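Every chain is numbered from 1, with letters handed out A, B, ... down the list of sequences. Bear in mind that the values here come from a model prediction, so they are computed numbers and not experimental data.
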Amino acid sequence: MDMIKWLLEKLKGMYGEMSEWWPGETPFHIAIGAILTQNTTWTSAYKSLQNLIQAGLDTPEALYKADVNILMELIRPSGFMRQKAHYLKNLAEFVCRDLKCRLENLRYVDNPREKLLGVKGIGKETADSILLYGLHLPYFVVDAYTKRLLSRLGIIDQKTYYDDIARLFTENLPKDVKLYQEYHALIVEHAKRRCKKKNPLCQSCLLKDQCLVGKKEDQDTQDV
DNA sequence: AACCAGGAGAGAG
DNA sequence: CTCTCTCATGGT
């Protein structure tokens with residue numbers, strides 16, 4: 001009855017291995033990308049990230065000193081430029097002030113997750129993304145896809161909290177960073193493939209979390 | 001031409 | 001604590 005492990009095997013069978021799913025040369029690049037990709041596609045976030053790298057604003061020091069108006073132009077492609085520009089500066093300020101300008105030092109402090117959550121602009125998913133993909137620490141990333149998929153499968157209901165969903169994974173899987181990384185990647189990869197059919201219960205659609213065309217939320221909790 | 005994308009913060013009740 | 005609103009741009 002371990003749906004978590006069952007789902008993992010199912011997804012692996014469908015999409016194969018997901019190695020190096022989150023590109024990034026440095027942990028700080030991962031962190032920047034995590035903020036930039038909030039509620040946008042990775043391709044858009046990637047353009048902004050490249051702009052920052054090209055402008056030499058991809059280090060905590062440079063970002064900390066950078067002019068916000070310049071930042072806003074560079075990250076325009078990924079949307080929400082006004083707030084994200086400040087979010088990036090908040091991140092840079094935190095890293096410089098509390099971590100001696102090295103994000104890697106977050107490994108050696110107590111409650112690294114709480115420290116990240118203290119930065120305005122870094123919520124739970126962003127924090128966990130930084131920890132898991134940037135610092136290779138065993139935190140499970142939960143996003144809207146994860147929540148929708150699990151609720152569609154009847155494993156959880158729609159109002160289950162983030163931390164409870166994350167715990168569902170960590171308690172039913174070996175504590176393995178690579179495994180956490182791949183599992184989340186598989187869920188996102190799966191969600192990106194839009195379902196052609198409209199029947200949410202058809203066998204081929206069973207795992208699709210966007211079978212209900214045009215509906216962002218399930219309009220009811222129809223039992224299977 | 002609506003709809004959504006690898007969310008988060010702020011405000012109201 | 002639980003909704004609801006806003007934020008911006010780019011691609012179907």
**Study point:** Sidechain-backbone polar pair: A:Gln38 side chain, A:Gly121 backbone, donor-acceptor under 3.5 Å
**Key:** yes
**Study point:** Length of the line joining A:Leu91:CG and B:dA8:P, which is rounded to integer Å
**Key:** 13 Å
Exercise for review: Under 4.0 Å between any heavy atoms, over every strand shown, what does A:Lys159 touch: base, sugar-phosphate, or nothing? Just pick one.
Suggested key: nothing
Review point. Do side-chain atoms of A:Lys147 reach the backbone of A:Val142 as a donor and acceptor pair under 3.5 angstrom?
Key: no
Review point. Looking only at atom C1', what distance separates B:dG9 and C:dG10, rounded to whole Å?
Key: 23 Å
Practice item. Choose from C:dT9, B:dG7, B:dA5 the nucleotide whose nearest atom is closest to any side-chain atom of A:Arg148. Key: B:dA5
Review point. How close or far is atom C1' of B:dA8 from atom CD1 of A:Ile130, stated in whole angstroms?
Key: 13 Å
Exercise for review: Determine the contact category for A:Lys84: base if any of its heavy atoms lies under 4.0 Å from a base atom, sugar-phosphate if only primed atoms, P, OP1 or OP2 are that close, otherwise nothing.
Suggested key: nothing
Exercise for review: Using only side-chain N and O atoms of A:Thr126, determine if any of them is under 4.0 Å from OP1 or OP2 of B:dA8.
Suggested key: yes
Check your understanding: A:Ile122 near the nucleic acid: base, sugar-phosphate alone, or nothing, with a heavy-atom cut-off under 4.0 Å?
Key -> sugar-phosphate
**Study point:** Rounded distance in Å - CG (A:Asp164) to P (C:dC1)
**Key:** 12 Å
Exercise for review: Quick one: label A:Val119 by what it contacts on the DNA or RNA (base, sugar-phosphate, nothing), any heavy atom closer than 4.0 Å.
Suggested key: sugar-phosphate
Check your understanding: Base, sugar-phosphate, or nothing for A:Tyr161, non-hydrogen atoms under 4.0 angstrom?
Key -> sugar-phosphate
Review point. Does a side-chain N or O from A:Arg76 land closer than 4.0 Å to OP1 or OP2 of C:dA8, or not?
Key: no
**Study point:** Separation between the P atoms of C:dC5 and B:dC4, rounded to whole Å
**Key:** 16 Å
**Study point:** Side-chain donor/acceptor of A:Glu61 to backbone N/O of A:Cys96, under 3.5 Å
**Key:** no
Point to revise | Euclidean distance, atom CZ of residue A:Phe80 to atom P of B:dG9 [Å, nearest integer] | key: 13 Å
Check your understanding: Given atom CD of A:Gln38 and atom C1' of B:dC4, what is their separation to the nearest angstrom?
Key -> 16 Å
Revision key, fill the gap. Testing C:dA8, C:dG10, B:dG7 for proximity to the side chain of A:Lys47, the answer is C:dG10
Check your understanding: Atom NE2 of A:His86 to atom P of C:dC7: distance rounded to whole Å?
Key -> 15 Å
Review point. Which part of the nucleic acid, if any, lies within contact of A:Glu125, taking any heavy atom under 4.0 Å across all strands shown: a base, the sugar-phosphate backbone alone, or nothing?
Key: sugar-phosphate
Review point. Checking A:Tyr64 side chain against A:Arg97 main chain: does a donor-acceptor pair fall under 3.5 Å?
Key: no
Check your understanding: Looking across every strand, which nucleic acid part, if any, lies under 4.0 Å from A:Lys147 by heavy atom: base, sugar-phosphate, or nothing?
Key -> nothing
Review point. Between A:Lys175 and A:Thr170, is there a donor-acceptor pair closer than 3.5 Å when you use the side chain of the first and the backbone of the second?
Key: no
Practice item. Classify the nucleic acid contact of A:Gly79 as base, sugar-phosphate or nothing, counting any heavy atom under 4.0 Å across all strands shown. Key: base
Point to revise | Side chains of A:Thr146 and A:Asp143 in contact at under 4.5 Å (non-hydrogen atoms) | key: yes
Study note, to complete from the structure: Between A:Lys120 and A:Trp42, the residue closer to the 5' end of DNA chain B by nearest nucleotide is A:Trp42
Exercise for review: Using the P atoms only, state how far C:dG11 lies from B:dA8, rounded to an integer number of Å.
Suggested key: 23 Å
